[in-house]
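Heavy-atom basis, side chains included; hydrogens, waters and symmetry copies ignored.
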Amino acid sequence: MPTHAVMALIWIDSRICATLPTMPTPAEFERMLRGASLRITRPRLAVLAAVHDHPHADTHSIMGFVLDDLGEVSHQAVYDVLRALTDAGLVRRIHPPGSVARYESRVGDNHHHLVCRSCGAIADVDCAVGSAPCLTASDHHGYALDEAEVIYWGVCPACSATPTRNS
Ligand SMILES: [Zn+2]
Ligand SMILES: [Zn+2]
């Protein structure tokens with residue numbers, strides 16, 4: 001089952017019964033790794049859990065969450081795991097201009113992002129047209145296109161409510 005479907009199911013369940021877990025279980029993370037032909041290791045499980053639990057977290061934050069979880073892990077190990085998970089498609093890396101790279105577990109659904117110019121907050125937004133936008137470029141110059149990224153820039157509600165922070 002795709003990650004997104006797993007999360008949606010759990011989200012629906014959690015509204016029905018508050019005692020159900022709101023996150024995939026370690027067994028589900030193991031299944032995701034196996035499905036991507038990745039060896040199951042504690043750092044990989046910990047990074048997957050951290051990214052699921054903290055959408056759009058940056059590398060530094062993920063490092064902290066994984067350290068809390070495992071007690072000990074090298075920065076290099078976390079970098080390597082993030083790269084492996086991203087390459088395997090289990091995690092998506094986004095890199096809004098002016099921001100550090102961020103990671104999320106909501107993959108494969110072509111959703112876009114709203115980014116606040118003031119505080120850098122990021123929110124998910126479903127694709128407006130339902131498929132990768134503008135992949136049919138007006139002139140593709142011979143490039144083989146596989147992605148068109150959309151970022152909506154603006155000011156988040158919290159920042160709109162406190163205009164002095166913008167100055
Ligand atoms: Zn903001
Ligand atoms: Zn997102």
Side-chain angles (χ1 to χ4, degrees), residues 1-14 20-70 73-115 120-137 140-153:
M1 192 186 295
T3 312
H4 185 54
V6 170
M7 295 194 71
L9 278 178
I10 288 166
W11 181 70
I12 292 164
D13 283 349
S14 68
L20 282 175
T22 54
M23 275 187 65
T25 63
E28 282 168 305
F29 289 134
E30 289 184 14
R31 201 167 56 226
M32 288 176 205
L33 289 174
R34 238 180 272 120
S37 304
L38 289 176
R39 205 158 45 83
I40 293 164
T41 65
R42 288 187 71 218
R44 283 175 178 171
L45 290 173
V47 170
L48 257 186
V51 174
H52 268 83
D53 216 4
H54 306 277
H56 311 136
D58 61 19
T59 312
H60 184 78
S61 312
I62 293 168
M63 205 84 78
F65 301 134
V66 173
L67 263 178
D68 284 349
D69 191 357
L70 298 182
V73 68
S74 73
H75 283 205
Q76 192 57 48
V78 173
Y79 281 121
D80 290 347
V81 168
L82 279 172
R83 194 178 324 113
L85 295 179
T86 305
D87 288 349
L90 294 180
V91 160
R92 178 180 174 195
R93 180 179 188 272
I94 58 168
H95 198 169
S99 164
V100 293
R102 292 156 183 278
Y103 296 87
E104 65 185 350
S105 58
R106 188 178 158 182
V107 295
D109 68 345
N110 191 49
H111 75 273
H112 310 312
H113 293 101
L114 310 171
V115 182
I122 299 180
D124 284 338
V125 58
D126 288 337
C127 178
V129 293
S131 59
C134 302
L135 265 186
T136 311
H140 58 66
H141 294 281
Y143 286 51
L145 302 179
D146 57 54
E147 185 174 356
E149 202 176 1
V150 175
I151 299 179
Y152 300 92
W153 292 91

> Are more than 12 heavy atoms from other residues, nucleotides or ligands located less than 6.0 Å from atom CZ of Arg42?
Replying inline: no

>> For a quick test of reading the model, state the closest non-hydrogen atom pair linking Asp58 to Val100 and the distance between them.
In response: CB-CG2, 3.4 Å

> Does Asp53 have any side-chain contact (heavy atoms from CB on, under 4.5 Å) partners at least two apart in sequence or in another chain, and if so, which?
Replying inline: Met23

> What distance separates Met63 CE from His60 NE2, expressed to the nearest 0.5 Å?
Replying inline: 8.0 Å

> Which atoms form the tightest heavy-atom contact between Arg92 and Arg106, and what is the distance?
Replying inline: CD-O, 4.2 Å

> At their closest point, which heavy atom of Arg102 faces which heavy atom of Ser99, and how far apart are they?
Replying inline: NE-OG, 3.0 Å

> According to the interplanar angle, ranging from 0 to 90°, do the rings of Phe65 and His54 count as parallel (below 30°), tilted (30 to 60°) or perpendicular (above 60°)?
Replying inline: parallel

> For the atom pair CG (Leu33) and CG (Leu48), what is the distance rounded to the nearest 0.5 Å?
Replying inline: 5.0 Å

> Do you know the tightest heavy-atom contact between His113 and Val125?
Replying inline: N-CG1, 4.0 Å

>> To the closest 0.5 Å, what do you measure between CD1 (Ile40) and CE (Met32)?
In response: 11.5 Å

> Do the side chains of Pro97 and Ile151 get nearer than 4.5 Å, heavy atoms only?
Replying inline: yes

>> Do Pro26 and Leu45 have side chains that approach each other closer than 4.5 Å (heavy atoms only, starting at C-beta)?
In response: no

> Going from CG on Leu38 to CG on Asp87, what distance comes out if it is rounded to the nearest 0.5 angstrom?
Replying inline: 9.0 Å

>> If you compare all heavy atoms of His111 against all heavy atoms of Asp124, which two are closest, and at what distance to 0.1 Å?
In response: NE2-OD1, 2.9 Å

> Nearest 0.5 Å, what's the OG-CG distance between Ser105 and Leu85?
Replying inline: 10.5 Å

> Restricting to pairs with a member in residues 73-96, which pass ring-ring contact (aromatic ring centres under 6.0 Å, His included), not counting sequence neighbours?
Replying inline: none

>> Determine whether a donor-acceptor pair (N or O, by modelled atom type, separation under 3.5 Å) exists between the side chain of Arg93 and the backbone of Ala101.
In response: no

> Taking atom OH of Tyr103 and atom CD1 of Ile62, what is their separation to the nearest 0.5 Å?
Replying inline: 7.0 Å

